[in-house]
Amino acid sequence: QTLVLLNNNIKVLRTGLFASMVHMFSLDLFSQGLTRVETGTFANVQGMSQLNLSWNFLKSLPSRTFCNMSGLESVDLSHNKLAVIEREAFYSLPSLRFLDLSHNSLRSVYTRHVLHATPSLVEIYVPHNALDDLEIYTFSSNESTSDHVLWRISAENNRLEYIKKSFFALSTLETVKTLLLRRNRI
């Protein structure tokens, strides 16, 4: 099943709203005017594979926004106003492969917490934000080793002025085929 709710006027997604939709494969909430997603809104929606929350007005993602969604493979949060992503916003998402956080207001992204909960993640997009630093463990789930196979990291069009040498020594980066950092201040 696919549910498409384009161009409506939904402001808040409440906890458990989609709990009974266990067979939903795809949910498209593009351009709703969303300002808030409550903790647990999508909790335990096991069959959902694709979720599109792009082109809304979300400013933050609370802890466990996406929780125990074992089938979720793709999340598009682009073109929002995200400035804060709480530590466990992406919690226990073993199948997540694609995450788009582009065109937001993020100053930092500690994707280490994202990767810890998303062992299948292969593509992460954070261009067109306000990132001014990539922390040493930004793309690592564990400070010493990682079993992730990230293929593509896109961080173009941010405010990066330098990249620490130790950033490139991470084992997580061994699998990266594309690292995009153009149009920064490097």
Modelled atom types, side-chain donor and acceptor of Y125 and R152, under 3.5 Å:
yes
Tell me whether N184 contacts the main-chain N or O of L160 through its side chain, where contact means a donor paired with an acceptor under 3.5 Å.
yes
Hydrophobic cluster membership, with links at side-chain heavy-atom distances under 4.5 Å among I/L/V/M/F/W/Y: are V4 and L34 in one?
no
Pairwise distance OH(Y91) to OG1(T39) - rounded to 0.5 angstrom:
13.5 Å
Looking only at heavy atoms, the pair that brings P94 and P119 closest together is CA-CD, 3.8 Å
State yes or no: do F57 and L13 share one hydrophobic cluster built from I, L, V, M, F, W and Y residues joined by side-chain heavy-atom distances below 4.5 Å, directly or via other members?
no
4.5 Å side-chain heavy-atom contact, E123 and R97
no
For L58 and T35, run side chain to side chain contact (heavy atoms under 4.5 Å, CB included): C-alpha distance rounded to whole Å, both residues' side-chain angles, the deciding distance at 0.1 Å, then the answer.
CA-CA 5 Å; L58 299 172; T35 59; 5.7 Å; no
Evaluate the side-chain proximity of F42 to L51: yes if any heavy-atom separation is below 4.5 Å, no if none is.
yes
Any chance you could lay out the side chain to side chain contact (heavy atoms under 4.5 Å, CB included) test for N80 and W55, step after step, and finish with the verdict?
CA-CA 6 Å; N80 275 283; W55 292 95; over 6 Å; no
Would one find more than 12 heavy atoms of other residues, nucleotides or ligands at under 6.0 Å from atom NZ of K59?
no
As a quick check of understanding, evaluate side chain to side chain contact (heavy atoms under 4.5 Å, CB included) for L150 and V122, giving each step before the final call.
CA-CA 4 Å; L150 267 175; V122 293; 5.5 Å; no
Taking the side chain as every heavy atom from C-beta outward, state whether D132 and R107 have any atom pair closer than 4.5 Å.
yes
Correct closest heavy-atom pair for E88 and S63 would be CB-OG, 3.4 Å
Qualifying residue, where the test is side-chain contact (heavy atoms from CB on, under 4.5 Å) with N104 and the options are I85, V126, L82
L82
Are the side chain of E38 and the backbone N or O of T15 linked by a donor-acceptor pair below 3.5 Å?
yes
Would a single hydrophobic cluster contain both Y162 and L181, if residues Ile, Leu, Val, Met, Phe, Trp and Tyr are joined by side-chain heavy-atom contacts under 4.5 Å?
no
Side-chain touch F30/L53, heavy atoms, less than 4.5 angstrom
no
Identify the two heavy atoms, one from P127 and one from N158, that lie closest to each other, and give their separation to 0.1 Å.
CA-ND2, 3.8 Å
Any side-chain to backbone donor/acceptor pair from D76 onto N52? Under 3.5 Å, distance only.
no
Check the pair Q46, S70 against side-chain hydrogen bond (donor to acceptor under 3.5 Å, both in side chains), reporting the backbone distance first and the verdict last.
CA-CA 5 Å; Q46 302 290 324; S70 61; 2.5 Å; yes
Shared hydrophobic cluster, L72 / F25 (ILVMFWY, side-chain heavy atoms < 4.5 Å)
no
S102 to N129 - nearest heavy-atom pair and separation:
CA-ND2, 4.0 Å
Rounded to the nearest 0.5 angstrom, the CG-NE2 distance for L101 and H79 is 12.0 Å
Quick one, L121 and L99 - any side-chain contact, counting heavy atoms below 4.5 Å?
yes
Approximate separation, where rounding is to 0.5 Å, of E86 CD and S60 OG:
6.5 Å
Is there a donor-acceptor pair under 3.5 Å between the side chain of N56 and the backbone N or O of L29?
yes
Determine whether M21 and L3 satisfy the following criterion, side chain to side chain contact (heavy atoms under 4.5 Å, CB included), listing intermediate values before the conclusion.
CA-CA 10 Å; M21 299 183 176; L3 179 59; 4.3 Å; yes
State, without any angle test, whether E73 and S95 hold a side-chain donor-acceptor pair at a distance under 3.5 Å.
no
Would you say L77 ends up clustered with I153 if hydrophobic residues are merged whenever their side chains have heavy atoms under 4.5 Å apart, either directly or through other cluster members?
yes
Please examine the side chains of L27 and M48, heavy atoms only from C-beta on, and report whether any two atoms are closer than 4.5 Å.
yes
Within the structure provided, determine whether V75 and L96 are in side-chain contact (heavy-atom separation under 4.5 Å).
yes
Drop me the distance from R182's CZ to E156's CD, to the nearest 0.5 angstrom.
4.5 Å
